[in-house]
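The structure presented is a predicted model; accordingly, all values stated were derived computationally and were not measured.
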Amino acid sequence: ELLQDIRDKKCNTIVVLKLDRLTRSVFDWEKIIRFLEENDAYLDCANDDINTTNANGKMISRILTSVSQNEIERTSERTKIGLAGAIKEGHIPGHTPFGYKRDGKLMIPDITTKHIIERMYQLYFEGNSYQTIANIFNAENVGNKRWRDNTILEMIENPIYKGDYIHGKRTKHPTYYEDVVEPIISKEMWE
């Protein structure tokens, strides 16, 4: 809306309190500078003493934006390192899978449901299909829940039951952690 007002020449100045409140991306900042130049407008930062009408103001704004972007990237790196350390200590993020429970931040096997997971893997190991296992569990009202073949499939393929964890499995670069929680089944049975 603000950029449209500049295009329509309702104003030619953008005033912000601090530059990093507008953007912390060098790429985005260059697009904003280009837009301001093309529309004969400028930016005035009240607390950063930046004015983009001159070369020095543009240079200082680029430096401050680079510093802001660097700080975001460093914070992201520290967060990733901290998360990796927590996972290695057994502090698994997200929901707790069936068969486990939380003991503080740690995920441990739930003695009231882990036998269901063990049986599920045993039935699969014996050659039963996901649908057959779901039918058996539904007929016996196992765990007082409705079982589906895709639920069985997801559980059979989840490495958490052998003690491993995949962080970011829906991203381009998932991270695999081995032996981070107490397993319910052996690695041999999981394979």
Side-chain angles (χ1 to χ4, degrees), residues 1 3 20-29 31 65-191:
E1 195 175 305
L3 298 179
D20 66 0
R21 304 318 311 152
L22 179 61
T23 184
R24 293 182 181 180
S25 163
V26 173
F27 179 76
D28 289 346
W29 178 239
K31 287 189 342 189
T65 303
S66 293
V67 169
S68 293
Q69 182 171 330
N70 178 262
E71 184 56 34
I72 287 173
E73 291 168 357
R74 288 178 51 220
T75 300
S76 175
E77 288 171 358
R78 289 191 299 265
T79 301
K80 288 175 185 174
I81 290 168
L83 180 61
I87 290 171
K88 288 175 184 175
E89 291 177 5
H91 302 213
I92 307 301
H95 78 282
T96 306
F98 187 83
Y100 283 95
K101 67 178 182 177
R102 298 283 176 168
D103 182 14
K105 292 183 179 181
L106 295 177
M107 199 164 62
I108 61 171
D110 183 349
I111 59 170
T112 63
T113 56
K114 82 176 204 171
H115 67 281
I116 298 170
I117 300 300
E118 292 167 337
R119 183 168 178 225
M120 178 189 306
Y121 276 89
Q122 186 60 45
L123 287 167
Y124 183 72
F125 187 73
E126 292 170 358
N128 291 289
S129 69
Y130 307 125
Q131 186 62 58
T132 301
I133 298 169
N135 292 343
I136 291 169
F137 281 10
N138 286 329
E140 297 174 3
N141 196 26
V142 171
N144 294 321
K145 62 183 275 173
R146 179 87 177 123
W147 295 90
R148 299 182 185 278
D149 61 337
N150 64 332
T151 305
I152 302 294
L153 167 65
E154 288 172 12
M155 294 172 85
I156 294 285
E157 291 183 343
N158 191 342
I160 200 73
Y161 295 112
K162 65 175 178 169
D164 300 346
Y165 177 70
I166 302 172
H167 181 258
K169 57 180 134 187
R170 290 181 181 90
T171 66
K172 290 181 182 179
H173 305 288
T175 306
Y176 196 92
Y177 297 90
E178 288 190 54
D179 303 319
V180 292
V181 296
E182 184 181 334
I184 293 178
I185 54 129
S186 69
K187 290 190 186 289
E188 294 76 28
M189 181 173 275
W190 193 87
E191 300 298 331

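What you find for D103 and I108 is that their closest heavy atoms are CB-CD1, 3.7 Å. The shortest non-hydrogen separation linking D20 to S68 is CB-OG, 3.4 Å. Contact detail for P109 and P183: the closest heavy-atom pair is CG-O, 4.4 Å. Residues I184 and G99 come closest through the heavy atom pair CD1-O, 3.3 Å.
In this structure, the separation between CD on Q69 and CG on D28 is 8.5 Å, given to the nearest 0.5 Å. Summarising the geometry, atom CD1 belonging to I166 is positioned 10.5 Å from atom CD belonging to E178; distances are rounded to the nearest 0.5 Å. Note that the OH atom of Y177 and the CD1 atom of I87 stand 4.5 Å from one another [nearest 0.5 Å]. To the nearest 0.5 Å, atoms CD1 (I116) and CD (E118) are separated by 10.5 Å.
By the 4.5 Å heavy-atom criterion applied to side chains, S25 and K31 are not counted as neighbours. The shortest side-chain heavy-atom distance between Y161 and P97 falls under the 4.5 Å cut-off. When side chains are defined from C-beta on, N135 counts as touching Q131, because their heavy atoms get closer than 4.5 Å. Within the 4.5 Å cutoff, no side-chain heavy atoms of M120 are placed close to those of V142. The shortest distance between side-chain heavy atoms of I152 and I156 falls below 4.5 Å. With contacts defined as side-chain heavy-atom distances shorter than 4.5 Å, the pair S186/Y121 does not qualify.
Partners of K187 according to the salt bridge (charged side-chain N to carboxylate O under 4.0 Å, His left out) rule, which considers only residues two or more places apart in sequence or in another chain, are D164, D179. Applying the salt bridge (charged side-chain N to carboxylate O under 4.0 Å, His left out) rule to E182 yields no partners; only residues at least two apart in sequence or on another chain are considered.
The environment of Y176 atom OH is dense: over 12 non-hydrogen atoms of other residues, nucleotides or ligands sit within 6.0 angstrom.
Residue pairs meeting the side chain to side chain donor-acceptor pair (under 3.5 Å) criterion with at least one member in residues 79-100, sequence neighbours excluded: T96-R102. The stretch residues 140-154 participates, sequence neighbours left out, in these salt bridge (Lys or Arg N to Asp or Glu O under 4.0 Å) pairs: R119-E140. Sorted by first and then second residue, the ring-ring contact (aromatic ring centres under 6.0 Å, His included) pairs with a member in residues 127-156 read F98-W147, Y124-Y130, F137-W147; sequence neighbours excluded. Legend: salt bridge (Lys or Arg N to Asp or Glu O under 4.0 Å) pairs involving residues 121-135, not counting sequence neighbours: none detected.
When only modelled atom types and interatomic distance are considered, N141 and N138 share no side-chain donor-acceptor pair under 3.5 Å.
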